[in-house]
Each structure stands twice: as structure tokens, then as C-alpha cells.
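One structure below.
Index from 1, following the sequence.
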Amino acid sequence: MTERREGVLDGDVIAERLKAELPHWRYEDGWIRRTYKTASWKSTLMVINTVGHLAEAAWHHPDLTASYAWVEVRLMNHAAKGVTEKDFALARKIEEVVAWQPGAEGGALEGTPTDQRFAYIKYDH
């Protein structure tokens, strides 16, 4: 039996919480992960910069992998060597900001035009 480090969440707890709190995230290989699909390299860089800003402000840093039209965010508390509450807190903030759809709120902000020249994130529906 492996000893659990303080603050590290159990895999079953992580899976249940992701299902309830962050349904587009998954638990795999000791990380919570989310892949954001983008429309272009420019959009990919915008997602990376957004995640970078949030991580730096939180002083909790994810691992990122990117390609032309996607960004994978991986969170695990490096000091604790496992997923902790810090990872869930940062994942929620990243999801809130990156997946934000102003046009769906019905307010003054319209959101990204449907014209492909201005495409940004490929939102999950």
C-alpha cells in the first residue's frame, strides 16, 4: 500500500469531483487535464497566455502542451506530488476564463463573431 501524502486527493475522489465540478477535465496519469481546441495558432497562444497569467497570479503552475489548434493543461501539485485542492481551484479559474462565452450571457458583450476569420475557442456545448 502506498502512503498518501498530506493534502493529496485519492483518485476516486478526484474522478467524482471532476465529474461534478469540471466535466470537461479528466484524471489521467496522476494529473487533472483539459484540452482546449482552438481555431488557429494565434488562438492557441492566447489560451497559453491566459493560463500563464492565471497560474502566475495564483503561484501554482500547470504543465502545458500545445500544437497549432489545441492546448492541453495538466495540473498536479509538484510539491505534494499529487492532485490537491490547489489544482481544483486553479482548474476552476482557468475553465471560467478560457471557456467564457460572453454572447451566451445575453449582456452587452457579444462574444467572438461566427466568421471564421475571427474564430477563437471551439467551445464545448
Side-chain angles (χ1 to χ4, degrees):
M1 184 168 129
T2 311
E3 182 181 333
R4 299 298 303 169
R5 290 164 300 286
E6 187 174 338
V8 173
L9 302 171
D10 178 74
D12 292 335
V13 170
I14 294 166
E16 283 300 313
R17 286 193 53 193
L18 289 176
K19 186 177 177 181
E21 300 171 29
L22 295 159
H24 299 293
W25 289 70
R26 66 193 186 281
Y27 180 58
E28 184 180 292
D29 298 328
W31 302 80
I32 59 173
R33 301 166 180 249
R34 166 76 148 106
T35 301
Y36 292 96
K37 294 180 180 171
T38 64
S40 67
W41 181 242
K42 175 179 71 173
S43 301
T44 294
L45 293 176
M46 290 172 71
V47 170
I48 290 169
N49 286 325
T50 300
V51 171
H53 168 75
L54 297 171
E56 192 64 17
W59 200 247
H60 187 60
H61 303 95
D63 282 24
L64 303 173
T65 303
S67 189
Y68 177 82
W70 57 267
V71 177
E72 183 185 58
V73 179
R74 291 182 310 281
L75 288 164
M76 182 247 303
N77 187 315
H78 295 91
K81 296 181 178 36
V83 176
T84 68
E85 289 300 328
K86 287 183 177 184
D87 302 297
F88 273 88
L90 184 54
R92 280 191 298 275
K93 182 53 72 175
I94 291 168
E95 189 70 8
E96 174 188 332
V97 175
V98 173
W100 179 44
Q101 296 181 56
E105 295 175 352
L109 298 173
E110 298 172 14
T112 307
T114 56
D115 185 324
Q116 283 303 303
R117 293 175 300 162
F118 307 109
Y120 179 48
I121 298 289
K122 295 184 179 180
Y123 295 107
D124 299 311
H125 298 285

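- For the residue pair Glu95/Trp100, the side-chain donor-acceptor check at 3.5 Å is not satisfied.
- Here Thr35 contributes atom OG1 and Lys122 contributes atom NZ; the two are 13.5 Å apart, rounded to the nearest 0.5 Å.
- Of the possible polar contacts, one joining the Arg33 side chain to the Glu28 backbone as a donor-acceptor pair under 3.5 Å is found.
- When all heavy atoms of Asp124 and His24 are compared, the pair lying nearest together is CB-CE1, 3.2 Å.
- The distance from the OH atom of Tyr120 to the OG1 atom of Thr112 is 7.5 Å, given to the nearest 0.5 Å.
- Trp70 and Leu22 fall into different hydrophobic clusters, where Ile, Leu, Val, Met, Phe, Trp and Tyr residues are linked whenever their side-chain heavy atoms come under 4.5 Å apart, directly or through other members.
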Might you work through the side-chain hydrogen bond (donor to acceptor under 3.5 Å, both in side chains) test for Asp87 and His60, ending with a clear yes or no? CA-CA 8 Å; Asp87 302 297; His60 187 60; 2.7 Å; yes
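- Residue Ile32 holds its CD1 atom at 5.0 Å from CG of Leu75, rounded to the nearest 0.5 Å.
- A pairwise comparison of heavy atoms in Val71 and Ile48 identifies CG2-CG1, 4.0 Å as the closest pair.
- Under a hydrophobic clustering in which Ile, Leu, Val, Met, Phe, Trp and Tyr are joined whenever their side-chain heavy atoms come within less than 4.5 Å, directly or via other members, Val13 and Val8 fall into different clusters.
- In the hydrophobic cluster analysis, where Ile, Leu, Val, Met, Phe, Trp and Tyr join through side-chain heavy atoms closer than 4.5 angstrom, Ile94 is grouped together with Leu64.
- Between the CG atom in Asn49 and the NE2 atom in His53 there is a gap of 11.0 Å [rounded to 0.5 Å].
- Between Gly30 and Val83, the shortest heavy-atom contact is O-CG2, 3.6 Å.
- How far CG of Leu54 is from CZ of Arg92: 13.5 Å, rounded to the nearest 0.5 Å.
- In this structure a side-chain-to-backbone donor-acceptor pair under 3.5 Å is missing from Tyr36 to Thr44.
- Put simply, CZ on Arg74 and OG1 on Thr65 are 3.5 Å apart, with the number rounded to the nearest 0.5 Å.
- Residues His78 and Asp63 form a side-chain contact, since some pair of their non-hydrogen atoms from C-beta on lies under 4.5 Å apart.
- Between Gly11 and Tyr27, the closest heavy-atom pair is CA-CE2, 3.7 Å.
- Both tests pass for Arg17 against the ring of Phe88: distance under 6.0 Å to the centre and angle within 45° of the axis.
- Considering Arg26, Arg34, Lys37 in turn, Arg26 is the only one that fulfils the salt bridge (Lys or Arg N to Asp or Glu O under 4.0 Å) rule with Glu72.
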Between Thr38 and Tyr68, does the side-chain contact (heavy atoms from CB on, under 4.5 Å) criterion hold? Intermediate values first, please. CA-CA 8 Å; Thr38 64; Tyr68 177 82; over 6 Å; no
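- Ala119 approaches Ser43 most closely through the heavy-atom pair O-OG, 3.4 Å.
- Between Lys19 and Glu16, no side-chain nitrogen of the basic residue sits less than 4.0 Å from a carboxylate oxygen of the acidic one, so the salt-bridge criterion is not met.
- Residues Leu9 and Leu18 are members of one and the same hydrophobic cluster, defined by side-chain heavy-atom contacts under 4.5 angstrom among Ile, Leu, Val, Met, Phe, Trp and Tyr.
- Taking every heavy atom of both residues into account, Pro62 and Val73 meet most closely at CB-CG1, 3.9 Å.
- Using modelled atom types, no side-chain atom of Ser67 and backbone atom of Ala69 make a donor-acceptor pair closer than 3.5 Å.
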For side-chain contact (heavy atoms from CB on, under 4.5 Å), just list the numbers for His61 and Glu56, CA-CA rounded to whole Å, side-chain angles, deciding distance to a tenth of an Å, and then say yes or no. CA-CA 7 Å; His61 303 95; Glu56 192 64 17; 2.9 Å; yes
